[in-house]
Amino acid sequence: MVQIINTVDGKHAEVDTHDAEAVNKAENRSLYASRVAIHPKAVHGTFRRLKWTLLIVLLGIYYVAPWLRWARPGDAPDQAILIDLANRRFYFFFIEIWPQEFYYVAGLLIMAGVGLFLITSLFGRAWCGYACPQTVWTDLYIWVESKIEGDRNARIKLDAAPWSASKFARRASKMAVWLVIAIATGGFWVFYFADAPALLRDLLTGQAPSVAYFTIAILTATTFTFAGFMREQVCTYMCPWPRIQGAMLDEESLIVTYNAWRGEPRMAGRKKAEAQGLKVGDCVDCNACVAVCPMGIDIRDGNQLECINCALCIDACDAVMDKIGKPRGLINYTTSSLYAANVQGKNEHWNWHHLLRPRTVIYFSMWTAVGLAMLVTLLNRTQLDVNVVPDRNPLYVTLSDGAIRNGYTVKILNKRQEERTFRLSLENLPGASMEMVGDSGATGTSFDITVEPDKLKAVKIYVSTSDPAIVNRERSDFVFRVEELNGQDRAEEASYDALFHAPEGKE
């Protein structure tokens, strides 16, 4: 149906009125009713272009990143981004993370969480509307659906039509493309956990581990189901974030809002109402905002749990306002405080000062502090790590000559992709000597230990002393010192504080 609207310059404009119902708003939903399919109408505008741009960038990163190469010395893999579970490594270009450095992963998770809080407090559910995987893949699936079955009206008509050869062909073609995308999604995920070219060959020849096929099958099924059939139900029923976001928002958070103070009273028969001298708002009740909404809600009902702030309704409404010669922004990003001010006739507008408030400053400070702490530790970390595990049973042994002996396992981790030699010695333990177990009983005050590239070497050491100041004291502090030999300007050293145990003193 088409409305004829008088524009501000006295001309007439034709505005399509859509037969669209907000089937997913709370009062229209039922847990005991089948899902009503939502067929969003294609829309053009600033926010739609932004969503397309982000979709291309994000999917590009996902599908391309496993194939990026990064030259590393020695036997290290040359894949730029790799989660090597078999060898317990995480590679990200020039960064290599070891299991004992898991705090970097914890730091990234903290930054992601705090960053999500910050984005939500600033721009509402911007993550949900633009970057969430569910949103990105659903957008892609809807695009495929529209290319094969047509735009909104054509898809609704096809749904209602009886099964025929044409309908079967269209549905089969759509689902075949969906399935290819789903398989690619699952397949490219496993490429992050093994060398991508090698794993691809193994997958195609049936020689890949069964866990790889199982993972691909699970991710294929979830992608196909969530993006193809469940769509808005994942956001409405399964995701906890819509319910958490309420604690993140405040009166200065930017959210997609219908400005009822300007749009009401809405009226479809606007030309007739104006002729009768009735007051009418800018909203012509064309339902364009409902027709384009992928969540199946009506933004004019106010802020809702189901809204993902994708702003497609803004593009749709702006197009209608352009047609009838009214200012854009009947639906726009605004804050609760600005909305209340405009209701009171103050005509206030958003500016960047609204971004600076205690909540956002605290979130940004936390996010920055964690990021800087990780950066500082990353820049200053060494490629040598030493850990010493003392024998617990027995704590000490009394030798035949009266000396006291303690046992330790010294673990030296060489994080470089080259062989390195280290000198192990003792400090602050008078009269002490060491014996290396398993190496012909070699003894001395220091040992040279060679560690292979990117490996950990554990050596069992006995430390003995007969010094009265040590053997007559229950516990004595001393230091294992590890120094790199022939490292030239890159030589590193590390130390480990240890305890030497002896019988309780008799002084």
Side-chain angles (χ1 to χ4, degrees), residues 20 22-24 35-65 116 119 123-156 159 171 173-186 188-189 219-239 241-242 256 288-297 299 306-319 331 333:
V23 298
N24 195 40
R35 172 182 179 266
V36 178
I38 298 172
H39 295 294
K41 178 179 173 59
V43 64
H44 305 283
T46 301
F47 295 102
R48 180 65 269 182
R49 287 193 297 271
L50 176 60
K51 283 173 65 66
W52 284 134
T53 301
L54 288 174
L55 181 147
I56 293 170
V57 170
L58 293 172
L59 289 180
I61 292 173
Y62 178 78
Y63 289 119
V64 171
L116 187 56
I119 292 298
F123 309 113
R125 291 176 65 186
W127 160 261
C128 300
Y130 297 93
C132 174
Q134 174 66 18
T135 298
V136 171
W137 265 270
T138 297
D139 264 1
L140 180 61
Y141 271 46
I142 291 175
W143 179 80
V144 170
E145 186 175 62
S146 67
K147 292 301 179 183
I148 295 175
E149 295 184 354
D151 198 5
R152 179 176 183 273
N153 291 336
R155 299 201 301 272
I156 293 174
D159 275 355
R171 288 288 162 89
S173 300
K174 175 185 72 175
M175 292 191 182
V177 177
W178 281 2
L179 186 60
V180 170
I181 295 172
I183 293 173
T185 302
F188 277 74
W189 175 258
L219 290 176
T220 298
T222 53
T223 303
F224 188 80
T225 303
F226 290 173
F229 301 100
M230 296 185 67
R231 295 183 178 175
E232 79 287 343
Q233 290 187 315
V234 174
C235 306
T236 303
Y237 298 114
M238 297 175 62
C239 180
W241 187 240
V256 175
C289 55
V290 181
V292 302
C293 180
M295 293 300 296
I297 62 172
I299 191 61
E306 297 81 11
C307 180
I308 60 172
N309 270 26
C310 65
L312 296 181
C313 53
I314 297 179
D315 285 338
C317 188
D318 283 348
I331 302 174
Y333 273 105

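FYI, side chains are in, hydrogens and waters are out, and symmetry mates aren't considered; it's all heavy atoms of this structure.
- Atom CH2 of Trp52 sits in a crowded spot, with more than 12 heavy atoms from other residues, nucleotides or ligands closer than 6.0 Å.
- In terms of heavy-atom proximity, Arg125 sits nearest to Pro242 at NH2-CG, 3.3 Å.
- Side-chain N or O atoms of Thr135 include one that pairs as donor or acceptor with a backbone N or O of Cys128 at under 3.5 Å.
- From Leu58, atom CG reaches atom OG1 of Thr53 across 10.5 Å, with rounding to the nearest 0.5 Å.
- The two atoms that bring Cys313 and Cys289 nearest to each other are CB-CB, 3.8 Å, heavy atoms only.
- Among pairs with a residue in residues 128-144, those fulfilling salt bridge (charged side-chain N to carboxylate O under 4.0 Å, His left out) read Arg48-Asp139, Lys51-Asp139, at least two apart in sequence or across chains.
- To the nearest 0.5 Å, atom CG of residue Leu140 and atom CG of residue Leu55 are 6.0 Å apart.
- By the side chain to side chain donor-acceptor pair (under 3.5 Å) test, Asp159 is found to be paired with His39, Arg171, residues two or more places apart in sequence or in another chain being considered.
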Report task. Run the numbers on Phe224 and Ile183 for side-chain contact (heavy atoms from CB on, under 4.5 Å), then give the verdict. Result -> CA-CA 9 Å; Phe224 188 80; Ile183 293 173; over 6 Å; no

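- Here the closest heavy-atom approach between residue Cys310 and residue Gly129 is recorded as CB-O, 4.0 Å.
- For Tyr63, the ring pair (Phe, Tyr, Trp, His ring centres under 6.0 Å) partners at least two apart in sequence or on another chain are Phe188.
- By the side chain to side chain donor-acceptor pair (under 3.5 Å) test, Ser146 is found to be paired with no residue, residues two or more places apart in sequence or in another chain being considered.
- Trp189 is linked by a ring pair (Phe, Tyr, Trp, His ring centres under 6.0 Å) to Phe193, counting only residues two or more places apart in sequence or in another chain.
- Taking the salt bridge (Lys or Arg N to Asp or Glu O under 4.0 Å) definition, one finds that Lys174 meets it with Glu145, Glu149, sequence neighbours left out.
- Not a single ring pair (Phe, Tyr, Trp, His ring centres under 6.0 Å) links Phe226 to another residue, sequence neighbours left out.
- Thr225 pairs by the side chain to side chain contact (heavy atoms under 4.5 Å, CB included) definition with Met230, not counting sequence neighbours.
- Taking the side chain as every heavy atom from C-beta outward, Phe123 and Asn309 never approach each other to under 4.5 Å.
- Side-chain contact check for Pro294 versus Thr138: every heavy-atom pair is 4.5 Å or farther apart.
- Remark: Tyr333 pairs with Tyr130 by the side chain to side chain donor-acceptor pair (under 3.5 Å) rule, at least two apart or across chains.
- In summary, the side chains of Thr185 and Trp137 do present a donor paired with an acceptor at a separation below 3.5 Å, with no hydrogens or angles considered.
- Sorted pairs that involve residues 307-316 and meet salt bridge (charged side-chain N to carboxylate O under 4.0 Å, His left out), not counting sequence neighbours, are lacking altogether.
- A search for salt bridge (Lys or Arg N to Asp or Glu O under 4.0 Å) contacts involving Asp318 returns nothing, not counting sequence neighbours.
- Interatomic distance, CD of Glu306 versus CD of Gln233, reported as 12.0 Å (0.5 Å rounding).
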Requested in this report: Using the side-chain contact (heavy atoms from CB on, under 4.5 Å) rule, take Met295 and Cys235 through it: C-alpha gap first, then chi angles, then the decisive distance, then the call.
Outcome: CA-CA 9 Å; Met295 293 300 296; Cys235 306; 3.7 Å; yes

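- Residues Ile299 and Cys293 fail the side-chain proximity criterion, which asks for heavy atoms closer than 4.5 Å.
- Remark: Ala42 engages Asp151 in a side chain to side chain contact (heavy atoms under 4.5 Å, CB included) (not counting sequence neighbours).
- To the nearest 0.5 Å, the span separating CZ on Arg231 from CD1 on Ile38 amounts to 9.0 Å.
- Across Trp127 and Pro133, no two heavy atoms sit closer than the pair CZ2-CD, 3.8 Å.
- Put simply, the side chain of Pro40 does not reach to within 4.5 Å of the side chain of Leu312, judged on heavy atoms.
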Query raised in the report: Where do Trp241 and Leu116 land on the side-chain contact (heavy atoms from CB on, under 4.5 Å) test, with the steps shown first?
Result: CA-CA 10 Å; Trp241 187 240; Leu116 187 56; 3.8 Å; yes

